[in-house]
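Before any comments, here is the structure.
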Amino acid sequence: MGKAGAAKGRSPTPTPKNGTGAGVTNGTQPTNAAAPAAAGAGAGAATTTVAAVAAAAAATGAGGGSGGGACRSTLHANKTILKTVSVFLASGKRNSNNQSKAAAAALQNKRLQRQRKMDELSGKINPKLLDSLRKKTRFTKDELDALCRIYRKLVSNCQYAAKTLASSSSSAAIAKPHAAVEGIDRIVFRELLHSTFDIVTEEILMERIFCSWDKAHEGLPLRLEGWLIGLSTFLRGTPAERAAFCFRVYDLNTDGFITKDEMFTLLRNCLIKQPQDEDPDEGVKDLVEIVLKKFDVDKDGKVSLDDFMATVTAEPLLIEAFGQCLPTDSAIVSFFSTLQV
């Protein structure tokens, strides 16, 4: 009776069907993990079920120590992902801010250049540029204002000359390069040197004076700042500044030296050629040897800037030994008297 009662009190264990229930009791609890699988399909089903249970335990926080570890790993991974996303978003925001600042700076710079160009054409100087030019030149504020008015007139003459040339079909191609860049071009500049500063010299020296006037824009039309800084050296420069300017003029190929060939080119038109001279170039070659011996301090066969400065410092009258490229004293006095300041 006791055994029968006990038997009646126990629930019968479900019998697995088709070999798929091995290792599972009541469809929910896993059996001994060490038991061998009945077949390949049964083993796969058991593994799937165990994996599902482990995933559920990790998601709900239930289960033993292995479930808690999986949960902690998941939380750690989530935090890492969130941190990475935050860093990415912050980096994108910084890049966006930097791009906005760069765009704003470029726009501001463009506006300043446009305003500066308008000021140049109108002959006005904004306060910041005025202070800068007063430091870079030896002119007073009133003199700078007067020189700006002269600049405006010279630019107007250049524009008028360009339009006149452009009206002629034969010279239109020549006028286009001058009209592209506003400033004082070489034609008006040469006329200014001749009529205002009494510089009567060869064509090659006229061209070199124009190209050497503004070192930053050699050969281009002179803009306001380059015009004023060059004019300061030209009219009120120290002996060293004026000597350095003359050296740049005489250095025809701008390699830092005055060579024999450059001396010959500069001096050949200085001599008066006599009709009876069979070879006038021989006299020029003799003169080149004499001048080279005077200027070549380090005896290397050419004249460097140091050689030129040392020679001119010792004998100031040699500053224009290779041709006139500075105004006369009377021309300087006359020029400043016309500024009306």
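The shown structure was predicted, so the numbers you read here are calculated from the model rather than taken from an experiment. The figures that follow rest on heavy atoms only: side chains count, while hydrogens, waters and symmetry mates do not.
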Check your understanding: With Thr140, which of Thr137, Asp142, Leu144 fulfils side chain to side chain contact (heavy atoms under 4.5 Å, CB included)?
Key -> Asp142

Study note, to complete from the structure: When every non-hydrogen atom of Leu235 is compared with those of Pro327, the smallest separation belongs to CD2-CG, 4.1 Å

Review point. Any donor-acceptor pair under 3.5 Å linking the side chain of Tyr250 with the backbone of Leu266?
Key: no

Point to revise | His194/Val200 under side chain to side chain contact (heavy atoms under 4.5 Å, CB included): CA gap, chis, key distance, verdict | key: CA-CA 6 Å; His194 178 72; Val200 182; 3.9 Å; yes

Practice item. Please work out whether the ring planes of Phe234 and Trp213 are parallel, tilted or perpendicular, with thresholds of 30° and 60°. Key: tilted

Practice item. Determine yes or no for a side-chain-to-main-chain donor-acceptor pair under 3.5 angstrom, with Thr311 supplying the side chain and Asp307 the backbone. Key: yes

Check your understanding: Distance-only, no hydrogens or angles: does the Ser212 side chain make a donor-acceptor pair with backbone N or O of Ile209 under 3.5 Å?
Key -> no

Practice item. Could you pull out all residues at least two apart from Glu202 that satisfy salt bridge (charged side-chain N to carboxylate O under 4.0 Å, His left out)? Key: none

Check your understanding: Atom CG in Leu224, atom CG in Leu133: separation rounded to 0.5 Å?
Key -> 6.5 Å

Practice item. Go through the steps to decide whether Ile184 and Asn157 satisfy the test side chain to side chain contact (heavy atoms under 4.5 Å, CB included), and finish with yes or no. Key: CA-CA 9 Å; Ile184 302 174; Asn157 292 341; over 6 Å; no

Review point. Any chain of hydrophobic side-chain contacts (each under 4.5 Å) joining Phe257 to Ile204?
Key: no

**Study point:** Shortest non-hydrogen contact between Arg242 and Thr233, atoms and distance
**Key:** CG-O, 3.5 Å

Review point. Taking atom types as modelled and ignoring hydrogens, do the side chains of Thr254 and Asp251 form a donor-acceptor contact shorter than 3.5 angstrom?
Key: no

Practice item. Carefully, step by step, assess Lys302 and Asp296 under the rule salt bridge (Lys or Arg N to Asp or Glu O under 4.0 Å). Key: CA-CA 6 Å; Lys302 53 189 177 183; Asp296 188 12; over 6 Å; no

Practice item. Give a yes or no on whether Val297 and Ile258 share a hydrophobic cluster (residues Ile, Leu, Val, Met, Phe, Trp, Tyr; joining criterion: side-chain heavy atoms under 4.5 Å apart). Key: no

Review point. How many angstroms lie between atom CZ of Phe197 and atom CG of Leu231, to the nearest 0.5 angstrom?
Key: 5.5 Å

Practice item. Before giving the answer on side chain to side chain contact (heavy atoms under 4.5 Å, CB included), spell out for Leu192 and Val188 the whole-Å C-alpha distance, their side-chain angles and the decisive distance to 0.1 Å. Key: CA-CA 6 Å; Leu192 179 72; Val188 174; 5.5 Å; no

Review point. Residues in side-chain contact (heavy atoms from CB on, under 4.5 Å) with Glu203, at least two apart?
Key: Arg190

Exercise for review: Provide the closest heavy-atom pair for Asp185 versus Cys158 in the form atom of the first, atom of the second, distance.
Suggested key: N-SG, 3.3 Å

Do any side-chain atoms of residues 285-292 form donor-acceptor pairs under 3.5 angstrom with protein atoms, and if so which ones, sequence neighbours left out?
| from | atom 1 | to | atom 2 | distance (Å) |
| --- | --- | --- | --- | --- |
| Glu289 | OE2 | Lys260 | NZ | 3.1 |

**Study point:** By salt bridge (charged side-chain N to carboxylate O under 4.0 Å, His left out) - contacts of Lys215 (at least two apart)
**Key:** none

Point to revise | Phe247 ring center near Phe295 ring center (under 6.0 Å) | key: no

Exercise for review: Taking Ser337 for its side chain and Ser334 for its backbone only, find out whether a donor-acceptor pair lies under 3.5 Å.
Suggested key: yes

Review point. Just how far is it from atom OG1 of Thr201 to atom CG of Leu326, taken to the nearest 0.5 Å?
Key: 11.0 Å

Practice item. Go through the steps to decide whether Leu222 and His217 satisfy the test side chain to side chain contact (heavy atoms under 4.5 Å, CB included), and finish with yes or no. Key: CA-CA 8 Å; Leu222 296 174; His217 300 84; over 6 Å; no

Practice item. Not counting sequence neighbours, which residues clear side-chain contact (heavy atoms from CB on, under 4.5 Å) with Glu191? List them please. Key: Ser195

Review point. Can you tell me if NZ on Lys299 sees more than 12 non-hydrogen neighbours from other groups inside 6.0 Å?
Key: yes

**Study point:** Inter-residue atom distance Trp227.CH2 - Cys148.SG, 0.5 Å rounding
**Key:** 10.5 Å

**Study point:** Rounded distance (nearest 0.5 Å) linking atom CG of Asp198 with atom CD1 of Ile332
**Key:** 10.5 Å

Practice item. Applying salt bridge (charged side-chain N to carboxylate O under 4.0 Å, His left out), name anything that partners Arg208, two or more places apart in sequence or on another chain. Key: Glu218

Review point. Cationic tip of Arg223 within the cone over Tyr151's six-membered ring, i.e. under 6.0 Å and within 45° of the normal?
Key: no

Exercise for review: For residues Cys211 and Arg186, report the shortest heavy-atom separation together with the two atoms involved.
Suggested key: SG-NH2, 4.1 Å

Review point. How far apart are the C-alpha atoms of Glu143 and Arg138, what are their side-chain angles, what is the distance that settles it, and do they pass the salt bridge (Lys or Arg N to Asp or Glu O under 4.0 Å) test?
Key: CA-CA 9 Å; Glu143 288 173 340; Arg138 290 180 171 83; over 6 Å; no

Practice item. Please step through salt bridge (Lys or Arg N to Asp or Glu O under 4.0 Å) for the pair Lys141 and Asp145, ending with a clear verdict. Key: CA-CA 6 Å; Lys141 179 180 179 300; Asp145 289 337; 3.4 Å; yes

**Study point:** Atom pair CG/OG of Leu129 and Ser132 - distance to nearest 0.5 Å
**Key:** 6.0 Å

Point to revise | Heavy-atom closest pair, residues Gln324 and Thr328 | key: NE2-CG2, 4.2 Å

Review point. Under 3.5 Å, side chain of Glu315 to main-chain N/O of Val312, donor-acceptor pair present?
Key: no

Check your understanding: Quick one: does Asp131's side chain have a donor or acceptor within less than 3.5 Å of a partner on Arg134's backbone?
Key -> no

Exercise for review: Identify the two heavy atoms, one from Glu320 and one from Cys246, that lie closest to each other, and give their separation to 0.1 Å.
Suggested key: CG-SG, 4.5 Å

